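The structure appears right after this line, and notes come after that.
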Amino acid sequence: MTERRAALPPTAYPSSLRRVLLLFLGSLAFCALGAVLLVRHDSVKAVLGGAAAVGFFGLCAAVSGSRLVRRRPELVLDEAGLDHVQLGRIAWEEVDGVRIREVEVRSASRRMIGLVLHDPAGYLARAPRIVRATASANLRLGFGPANISTVSLPAGPEEVVQAMVRHRPRLTVHR
């Protein structure tokens, strides 16, 4: 007789409200500066720079504002897989393993969780546009296409990986 494991409830990691609010406010500030460049300056460079700033930071403000309103968790782990706010839904069958990586960003060290996928190209074919756009840069830097930043999570990478293993006991943790 095979022993059956009781289903675990999903593990949800909410976004850091402070971080998302600061992103929203910073985006609005840069959007306003871009608008000033558009209105107050006569040079072509200033007008183009202002237009680019309004477009880019306006989009950033819209995305972070929608995250504030919807309050969707950053990461949800369940028996079938994981759902990440940027990476989308990934089934455990697609994941070969996980790895905690350390990345140097402007002389500071950041830790992230890299998902080692069985078929990265298959995932990228259906991945959200932002993931496809950053995947080539990630590959050039030696990373896979599916990486979870733990900066905005309320838990460290070790705790998140332990929760992943609780939901998928056969998950390989690469060191």
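Computed from a predicted model, the values in this text were never measured in an experiment.
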Is Glu93 salt-bridged to Arg168, going by a charged N under 4.0 Å from an acidic O? yes
Are the charged groups of Arg89 and Glu94 less than 4.0 angstrom apart, N to O? no
Given side chains that start at C-beta, do those of [X] and [Y] come closer than 4.5 Å, heavy atoms only?
| X | Y | value |
| --- | --- | --- |
| Val98 | His174 | no |
| Arg111 | Arg101 | no |
| Tyr123 | Leu115 | no |
| Ile113 | Arg99 | no |
| Leu153 | Ile148 | yes |
| Arg72 | Val85 | yes |
| His84 | Val131 | no |
| Leu75 | Val160 | yes |

Least distance between heavy atoms, [X] atom then [Y] atom:
| X | Y | result |
| --- | --- | --- |
| Leu124 | Pro145 | CD2-CB, 3.6 Å |
| Val54 | Ala35 | CG2-N, 3.4 Å |
| Thr11 | Ala163 | CG2-CB, 4.3 Å |
| Ile90 | Arg126 | CA-NH2, 4.2 Å |
| Pro10 | His167 | CA-CE1, 4.1 Å |
| Gly49 | Leu37 | C-CD1, 4.5 Å |

Determine, using the 4.5 Å side-chain heavy-atom cutoff (strictly less than), whether [X] and [Y] are members of one ILVMFWY cluster.
| X | Y | value |
| --- | --- | --- |
| Leu21 | Val63 | no |
| Leu38 | Leu33 | no |
| Ile100 | Val116 | no |
| Leu23 | Ile130 | no |
| Phe57 | Phe24 | no |

How far apart are the C-alpha atoms of Thr150 and Met112, what are their side-chain angles, what is the distance that settles it, and do they pass the side-chain contact (heavy atoms from CB on, under 4.5 Å) test? CA-CA 6 Å; Thr150 57; Met112 64 180 202; 5.5 Å; no
Whether the side chain of Trp92 engages the backbone of Arg170 through a donor-acceptor N/O pair (distance < 3.5 Å, no angle test) should be reported.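 A pair under 3.5 Å: no.
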Starting at [atom1] of [X], measure out to [atom2] of [Y] and round the result to the nearest 0.5 Å.
| X | Y | atom1 | atom2 | result |
| --- | --- | --- | --- | --- |
| Cys31 | Phe56 | SG | CZ | 11.5 Å |
| Leu17 | Leu68 | CG | CG | 6.5 Å |
| Glu102 | Ser109 | CD | OG | 3.0 Å |
| Asp96 | Leu171 | CG | CG | 8.5 Å |

Taking it one step at a time, do Arg166 and Leu8 satisfy side-chain contact (heavy atoms from CB on, under 4.5 Å)? CA-CA 8 Å; Arg166 277 195 307 276; Leu8 289 175; 3.9 Å; yes
Over 12 foreign heavy atoms within 6.0 Å of CZ, Phe143: yes
